[in-house]
Each structure stands twice: as C-alpha cells, then as structure tokens.
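Note on naming: letters A, B, ... go to the chains in the order of the sequence lines (proteins, then strands), and numbering restarts at 1 for each one. Values below: every heavy atom of this structure, side chains too, minus hydrogens, waters and symmetry copies.
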Amino acid sequence: MGLLAGIIMDKSQNVRMSPDSLPDYLTEAIICFVDIGRTYRMGSETIYALRSIDMVIKPNEFAAVMGPSGSGKSTLMNVIGCLDSPTTGDYWLNGRLVSEMNDRQLAKARNQDIGFVFQTFNLLNRMSALHNVEVPLIYSGMKRKERHERAQHALEIVGLADRTLHRPLELSGGQRQRVAVARALVTEPSILLADEPTGNLDSTTGREIMSLFDDLHESGNTIIVVTHEQEIADHARRIIRLSDGAIVDDQPSGGH
Amino acid sequence: MLLGETTLIALQSIRGNLFRATLTMLGIIIGVAAVITMVALGAGAQQAIDEQMEALGGDILSVSSAGFFSRGIARNQQTLTTGDALALAQQSVSFGGVVPEINGRRQIKYGNKNLNLTVLGTTPNYADVHLFSIATGRMFNQSDDSARRRVVVLGAEVPNMLDTDATGILGKTIQIRSISFDVIGVLEAKGSSGWHNPDDDIWIPLSTAQFRVTGSDFVETISIKVREDSSIELAMVDIESVLRREHKILPGADNDFSIMNRKQFLDTRQEATEIFTYLLAGIAAVSLLVGGIGIMNIMLVTVTERTREIGIRKAMGATNGNIMLQFLVEAMVLCLLGGGIGLALGIGAAYIAAEFAGWQTQVSFVSVATAFTFSAAVGLVFGIWPAKRAAGLDPIEALRHE
Ligand SMILES: Nc1ncnc2c1ncn2[C@@H]1O[C@H](COP(=O)(O)OP(=O)(O)O)[C@@H](O)[C@H]1O
Ligand SMILES: [Mg+2]
C-alpha cells in the first residue's frame, strides 16, 4: 500500500508531476489512476460512472474487477484502454500522462500498450481469423511477411492454429473469443484488458478462456479481467470491487 | 506505407457488396461514358469542318437559281445560264475563276458493272478552282468543251467501284445513260466533305452535258472564286449587279438567284457545333456530378453501417488519419473503377457512332486524361465528407453502435 500512500500524499500537496521527475510509483507502474472521475450528463442530471478512483497496476499483476451491473466496471476498463476519457483526474500509462496525448499518440497507445478483449468479441466478420489478428499489426506498420508469422504464432498460442482461415461466423463462441485474445496479445502489449470475456460463453468454454488467461499470466503478461462471477475472479491474484463508481474493496485474492 | 493495405481493404469491402457498388458506380460510369462520347463527337465534327474548310481552298461564293424567294413564295425555277457565267467571267476583275456546273445522278456502265453516280457537267477550270488535281491522264480542256466531246474524268474512287484501277480504265470507254464516253483522266483522292464524297463523282464537259443530257443551256450553280486581293462583300455586290442586269430585273424587284458564301456557312456550322459540344459536355458533366452525389450518399450509408468496424479499428490502434484514408480510398476506388468502365463504354460508343452511324469521332488522350482526373476528383470531393465523419467518430460510441 506504499504506492497508494504516495499518490494520496501528492494529491494532498497538489503537486503537478513533470514527466522527467516522476516519482517511483509512476515509473514502476503500468497504470496509475489519480482521482479519476467520469460523469455523464443526462439532461439536468449528472451520472457518476466513476468517482475519484485511485489505483495502481504493476507489471505481471492479474486483477479482477467485480461489482454489480452499472457499478462502472466497463467505464473503468474503457478509460484504462484509452477508448474513453475521464472527466477529472490524471491517468498515467507507462509513465505518460494520457490526457496530454494527441490522436496519433492515443492510437499508438491503444495499438502498443493495450490489448483489449470485449464481451461481444468485436471481430471483423468479413475477414479471416488470421486477418483479424493482423489488424493491430497493420496499424503498427509491420511488413506483411512478419505480420503473417506473428499472427499465426498468436493463433497457435490460443490453440487455433488449424482455424486461421475461418471467418468469425464459421467459429464457435469460445473460438471467436480466442481469436480476440490472440488479437489482443499479438502486439505484446504491456497490459491485457478483458471486459466480461466469458459473459457470452457457456461455463465450460468460459473456464477454457480463463485457463488461457492463467497461462498468459504465467508467461509474464499483466491482466485485468472484469467479471461478476466469483469463479472467474478466483483466477486472479487481486480483486478490486466497485460499487456505484467507487472502489469499495481492493485485496489480494485468496483463491491461490 | 499503409496505402497498399488500405486499397486492399477498400477492394475487399467493395467486393463484399458488389451489387451495391455497381449501382453506385453506375452514375460515374454513365457520366464518364457520356463525357467521352460527347467530346469525341464534338471533336469529330470539328475535325470534319476543319477538313472541309481546307478542301474548299480560297473563298468561294456559289450562285444558284434553286430556292430563291419571290414575294414570300419559294420558287424552284431554273434561271441561271451558261450566258450568265460568261457575263460574270468577262465583267469582273475581282473573280479568280467562274465555274458553272450542272449535276445529276446517272446510270454508269462499264463492262458488266452498273453504278448510279453523280455526273457533274462543268468547265475545265473546275479542278483549279475547287483544288482538285489529276492523278492519271488529263483534265478535259476548252476544246473538249467547245466541241462537246464525249470525254470523262473519274473521281478517285470510281475505278475501284468499277472493279479496276486508274491505269486500267484510262483510255477505255464507259457508258453514261447508254452514251459512250472516253475516260481521259482520274482524279487524286480528296476525301469526304461530310455529306458528300466528291471522290465518287464523275466529270464531263459542261457543253457535252447540256447537249447530251439536259438539252438546255441552264446551269444549276455557278461557283465563283474571289481573288485574294478582293473582298467577299465586293464580289457579292459585283455578282448581284451583273446578274440583275443579265436577267433584266427592274430596280426594286427581287433577285431570281441566291448567293451563298460557303465559308460563312461553315463558320456558322462550326459555331453551332462548338455550342452543341459544350452543351452536351455540360450535360455529361452534370451527370458526373450526380454520380458523385450518389457516391457520397452510399459512402455515408457505408460509414453508418460500418460504425462498429470503425470502432474496432480505432480500438486496435487506427489513427483518425488511417480511418479517413480508408474511406477516402474506397470512394476513390469506386470512382476510378466507374471511370475506367465508363471510359471503355464511351470509347465503344464513339466507335459504334463512327462505324455504324458514320459520324466522325475522335477520342483524344486529353479527354481520356480529363475523364480520369474528373472521376478521381469526384471521388475526392464527394468522399471527403463521409471519410471525415468516419474519422471523427468516438471509439467507444462507435463500438456501442449496433
Ligand atoms: N454513454 C453513456 N451515457 C450515459 N450513461 C452511461 C453511459 N455509459 C455508461 N453510463 C452509466 O454509467 C454507469 C456505469 O456503466 P458501466 O460502466 O457500463 O457499468 P458496468 O459495466 O459495471 O455494468 C451506469 O449507471 C450507466 O448507466
Ligand atoms: Mg459492463
């Protein structure tokens, strides 16, 4: 908890941190949230999807985010994934302040730093599994031959070496999610984000996907998984509980 | 760097929706085809007029008796005679040549070959004034004319039509309405002047024609070459005064002949052709514009339909520029593909117009390049707004789109 203490101390002193004199907890951490809030305005009403979140994720952590529906889990993941921007607070990603990034830098962060797995897969249905996995590599400007090899390898890791030319609609739900996982890890991002990755899968397939995450964690990846199933959360080493947009509990998991 | 990939993605997405893409391209296809065909027709007409201008040589006025107006009534009555031609030739110094002529279609026979050709009865100076030259043999001369000799000079194409060649027929006899004529010369080819090809004509001396065929000394037309140091207006005044005197027309009475300035006529026609070409090209350009709006419409629909795809691509690291390029390239590919097909159709249509309708057409490199530039420009102009909309989408909003 030394890191959080540091954040709270800096916050209270209202210190603006410059990139070349960053405190240790910022350079060590992959993700550092300082007082992050996200509100939506619905007419005259203000909805607090996230309120004052302080959070640090270090390399090779495996965290589960839990909480009831509408508690802000997806909003949190979207902010981490640089898909959504917080209305207040500072978000440091690999030591850089996300709010100061322009469109190109944000695109690069999504491409290089983040691997995102969605509940609804979000694959391009007209393209083969292989092409889907290649998409992030296309935007990182990788040459065709290397790209093919990398994508092929990523599909092997998720156990789909024999399905590379199938289109998503020719695959089962579990296989589609594997393609999505392969796509998320093909750029070797610093963090894998999965928002209810098993939400659209039956429990057996869900377990298979989770054991895949176990393997990925084993081999050094940093992972955050959103779920509302305890069984899924038990795979993680840390459980962050959200309620009404705020962290109400953040503890190492007893599952392991 | 990404252009190759982007083009590939665009092609894939067009192939995935081939029917709609074809319908969309139709506007561009028709637009470009229309532009190419219209410009080809215009250029062809222009070329035809240029050639006629050249073939006409100096300024030639032609006087005819046919179709003059008398007291508001069109009369079709022969009033010009050989005598008028002589009077004109004698009484003016501003004329470089006075050529009376009569013509009509007559039955020609040579061996077992029968043809129906235009037989022109005229004076020996016809060739000089109208800029014809002899390929083989000679032109008939003054003494052939005065002696009403039965001699004939053939247009360049005629020996061919009679299954022989120029040297083969020279000195032989052909029948014009069962009267024998000696072939004394064959003309150099001159080419069609639009509605009439003089290479298919045959020429005989005017006196022979009047004596053997019409039986009178009326002539149909008198062509007058205006000398270069004189003016057309002056020549027209001269002609009018000579002919009014010859025809004993009282002051205040109408002329019983008309004078036509062929060059002026062609100038007018050229102007009309130009205006017509601009008009048609304008209409074609409007259809290209409409095609462009069609492209924009479909691209907007495509962007809406593929909002989720855009969200996915952005989540995977596509920049706004990448997305913009993707949709812009797609619009450009549609337009250029449509432009290519339209170009092929346009050239085909121009060819058909030339081959089967006999219109002169000319597809120039410039019009091809213009068509391509135009369709690319249409793709750019009408593709940019939908592409901008796609690029500006918020990734999370786009991903939520159903
Ligand atoms: N685009 C939006 N507009 C308005 N309110 C939103 C929007 N997205 C999320 N919310 C609200 O923010 C809160 C958190 O949503 P979300 O993060 O999706 O929750 P969870 O994923 O935990 O179910 C909810 O109350 C939801 O209604
Ligand atoms: Mg959610």
Answer yes if the side chains of A:Thr120 and B:Arg308 hold a donor-acceptor pair under 3.5 Å, and no otherwise.
yes
Exactly one candidate in A:Asn102, A:Leu106, A:Asn111, A:Asp103 meets side-chain contact (heavy atoms from CB on, under 4.5 Å) with B:Thr319; the answer is A:Asp103
Does [X] have more than 12 heavy atoms from other residues, nucleotides or ligands lying within 6.0 Å of its [atom1]?
X        : atom1 : result
A:Tyr40  : OH    : yes
A:Phe213 : CZ    : yes
A:Glu156 : CD    : yes
A:His153 : NE2   : no

Could you tell me which portion of B:Arg306 (side chain, backbone, both or neither) has an atom closer than 4.5 angstrom to a non-hydrogen atom of chain A?
side chain
Residue B:Ile396 versus chain A: region with a heavy atom under 4.5 Å:
both
Pair count under 4.5 Å, heavy atoms only, with chain B: among A:Arg183, A:Gln112, A:His131, A:Met127, highest is A:Arg183
Least distance between heavy atoms, [X] atom then [Y] atom:
X        : Y        : result
A:Phe118 : B:Met316 : CE1-CE, 4.2 Å
A:Ala107 : B:Ala318 : CB-O, 3.7 Å
A:Arg110 : B:Lys314 : CD-O, 3.3 Å

When rounded to the nearest 0.5 angstrom, what distance separates [atom1] in [X] from [atom2] in [Y]?
X        : Y        : atom1 : atom2 : result
A:Asn132 : B:Ile312 : CG    : CD1   : 7.5 Å
B:Ile323 : A:Tyr139 : CD1   : OH    : 5.0 Å
B:Glu397 : A:Leu83  : CD    : CG    : 11.5 Å

How about A:Arg147 and B:Glu5: do any of their side-chain heavy atoms sit closer than 4.5 Å?
yes
Looking only at B:Gly321, B:Ala398, B:Ala315, most heavy-atom pairs under 4.5 Å shared with chain A are made by B:Ala315
Okay, A:Leu123 and chain B: the region with an atom under 4.5 Å from a heavy atom over there is backbone
Report, in residue-number order, which members of residues 8-32 of chain B are under 4.5 Å from chain A by heavy-atom distance.
B:Leu8, B:Gln12, B:Ser13
